[in-house]
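What you see below is based on every heavy atom in this structure, not just the backbone, and it leaves out hydrogens, waters and symmetry mates.
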There are 2 protein chains.
Amino acid sequence: MATRTDALTRREQILKEAARLFAERGFHGVGVDEIGAAVGISGPGLYRHFAGKDAMLAELLVGISGQLLTGGKRRAAEAAGNPEAVLDSLVEGHIDFALDDRPLITLHDRELDRLRDSDRKLVRQLQRQYVELWVEVVREVYPDLAEPAARAAVHAVFGLLNSTPHMGRPGSLPGRAGTAALLHRMARGAFEAAAVSASA
Amino acid sequence: MATRTDALTRREQILKEAARLFAERGFHGVGVDEIGAAVGISGPGLYRHFAGKDAMLAELLVGISGQLLTGGKRRAAEAAGNPEAVLDSLVEGHIDFALDDRPLITLHDRELDRLRDSDRKLVRQLQRQYVELWVEVVREVYPDLAEPAARAAVHAVFGLLNSTPHMGRPGSLPGRAGTAALLHRMARGAFEAAAVSASA
DNA sequence: TCATCTTGTTAATGAGCGTTAACGTCCTGC
DNA sequence: GCAGGACGTTAACGCTCATTAACAAGATGA
């Protein structure tokens, strides 16, 4: 039994490879044999670890949404009382996630509809809570922003931050730190610009 | 034979419904019978109009990329000599597209991998040209922005503008005009913020 | 030493689905 | 008025693919 120190458990290996493959070719586009092959076992051996292909996707998506929400809440609590700092921390956390787990980010808004009703509802609820967390903070930093506009702005900034999978992999970028800084500035600039509607 | 005035040709009906269904449930997630049913004919009747399911997706994606590029070139030519105006016009055109053809925007960066090699290459080439068009204009407006950063910024703004499908359909938005204006301000604000790296 | 759990394997099953065949019908133009 | 194309229909084929069955082999522990 693989412990904490030596790499990943078989289950975790499978989830990681499945995430990569799902992100590359879509849930329906990848077969169980391929997922098995990616971890060195073949085909139906996966069923010793998961109830089915659907269960892998469900666990991935619920995990993503949960991680985002949990991390967001933690950051909000850490910088509580300082909305500017909370917003910066949320942006930073989301960027880390987008840069470090590109396949998961891709899955996150691409394969949600393939889930069983109950799982989909759960994921949507987690996503909604995450959005609301952002909306609240954004409205504290920019009080002039009405709630519908704030919500739209938050979705737009998510789109901005989640664009990392579309950027060519290696050399065309300013490096990880530079990309993170660029995205951070752009996100804050986008919110700032969204809020100037108060003057009109 | 349906002419320009009365609604859509059968082919166009099919493409429209196929786009909607592909966007909702993914290319592999929707069957030809469903597409047929959506236009009132059933299943294999589609093969009188298209060589196959793949051909529908190919025509949709090539069409999208082509429209975006053509429109972008036209706008660049119309406002030539005034980079600020060109950039605003590009942003406006992209927003119109994102708001009026949400299903197509969704397909655009979701199902590209399901194409035959030749079609995929064509679409990628059109997309690349479109990106380059933006990058050139952005670098004229913000000369301090290095090319890799400009390219990353363009992708990020595409992500921002293409976020419309994630916003709840009707009442939660500030209305079409308001949403368009909001997205426009945010896009410009994001570029502006991207460019302030020169001061650091 | 022997039951048992874990973790695999390969072969079979069965459903879903894209595609083709074979066959009608209506409209059009000579 | 009738040949032929445009446009549909239903039935059948064949392939892919998730899932299950049946079976094996190494570790564990009484």
Fill in the blank from the handout: Contacts satisfying salt bridge (charged side-chain N to carboxylate O under 4.0 Å, His left out) that involve residues 153-162 of chain B (not counting sequence neighbours) are none
Problem - All pairs passing side chain to side chain donor-acceptor pair (under 3.5 Å) where residues 176-186 of chain B contributes a residue, at least two apart - result: B:Asp88-B:His184, B:Asp96-B:Arg176, B:Asp100-B:Arg176
Practice task
Return each pair, listed once, that meets side chain to side chain donor-acceptor pair (under 3.5 Å) where at least one residue sits in residues 56-79 of chain A; pairs must be two or more places apart or across chains.
Solution key: A:Arg11-A:Glu59, A:Arg74-A:Glu78, A:Arg75-A:Ser89
Fill in the blank from the handout: The correct set of residues in residues 56-64 of chain B placing a heavy atom under 4.0 Å from DNA chain D is none
Looking at residues at least two apart in the chain, or sitting in another chain, which of them share a side-chain hydrogen bond (donor to acceptor under 3.5 Å, both in side chains) with [X]?
X	result
A:Arg151	A:Glu132, A:Glu147
A:Arg124	none
A:Glu136	none

Side-chain donor-acceptor pairs under 3.5 Å in residues 13-24 of chain B, sequence neighbours left out?
| residue | atom | partner | partner atom | Å |
| --- | --- | --- | --- | --- |
| B:Glu17 | OE1 | B:Arg20 | NE | 3.2 |
| B:Glu17 | OE1 | B:Arg20 | NH2 | 2.6 |
| B:Arg20 | NH1 | B:Glu24 | OE2 | 3.4 |

Exercise for the section: Can you sort out the partners of A:Leu68 under side-chain contact (heavy atoms from CB on, under 4.5 Å), two or more places apart, ordered by chain and number? Expected result: A:Ile64, A:His94, A:Phe97, A:His108, A:Tyr130
Would you mind writing out the side-chain donor-acceptor pairs for residues 36-58 of chain A within the sub-3.5 Å range, not counting sequence neighbours?
| residue | atom | partner | partner atom | Å |
| --- | --- | --- | --- | --- |
| A:Lys53 | NZ | A:Phe27 | O | 2.9 |
| A:Lys53 | NZ | A:Val30 | O | 3.0 |

Exercise for the section: With rounding to the nearest 0.5 Å, note down the distance linking CZ in B:Arg114 to CG in B:Leu107. Expected result: 10.5 Å
Practice task
Give the B/S/- string for nucleotides 13-28 of chain D, one per nucleotide from 5' to 3', where a protein heavy atom under 4.0 Å of the base yields B, of only the sugar-phosphate yields S, and otherwise -.
Solution key: -----SBB-BB-----
Handout entry: Outermost nucleotides of DNA chain C that come under 4.0 Å of a non-hydrogen atom of chain B
Key = C:dG18 to C:dC23
Completion exercise
When rounded to whole Å, the NE2 to P distance for the pair B:His49 and D:dG5 reads 17 Å
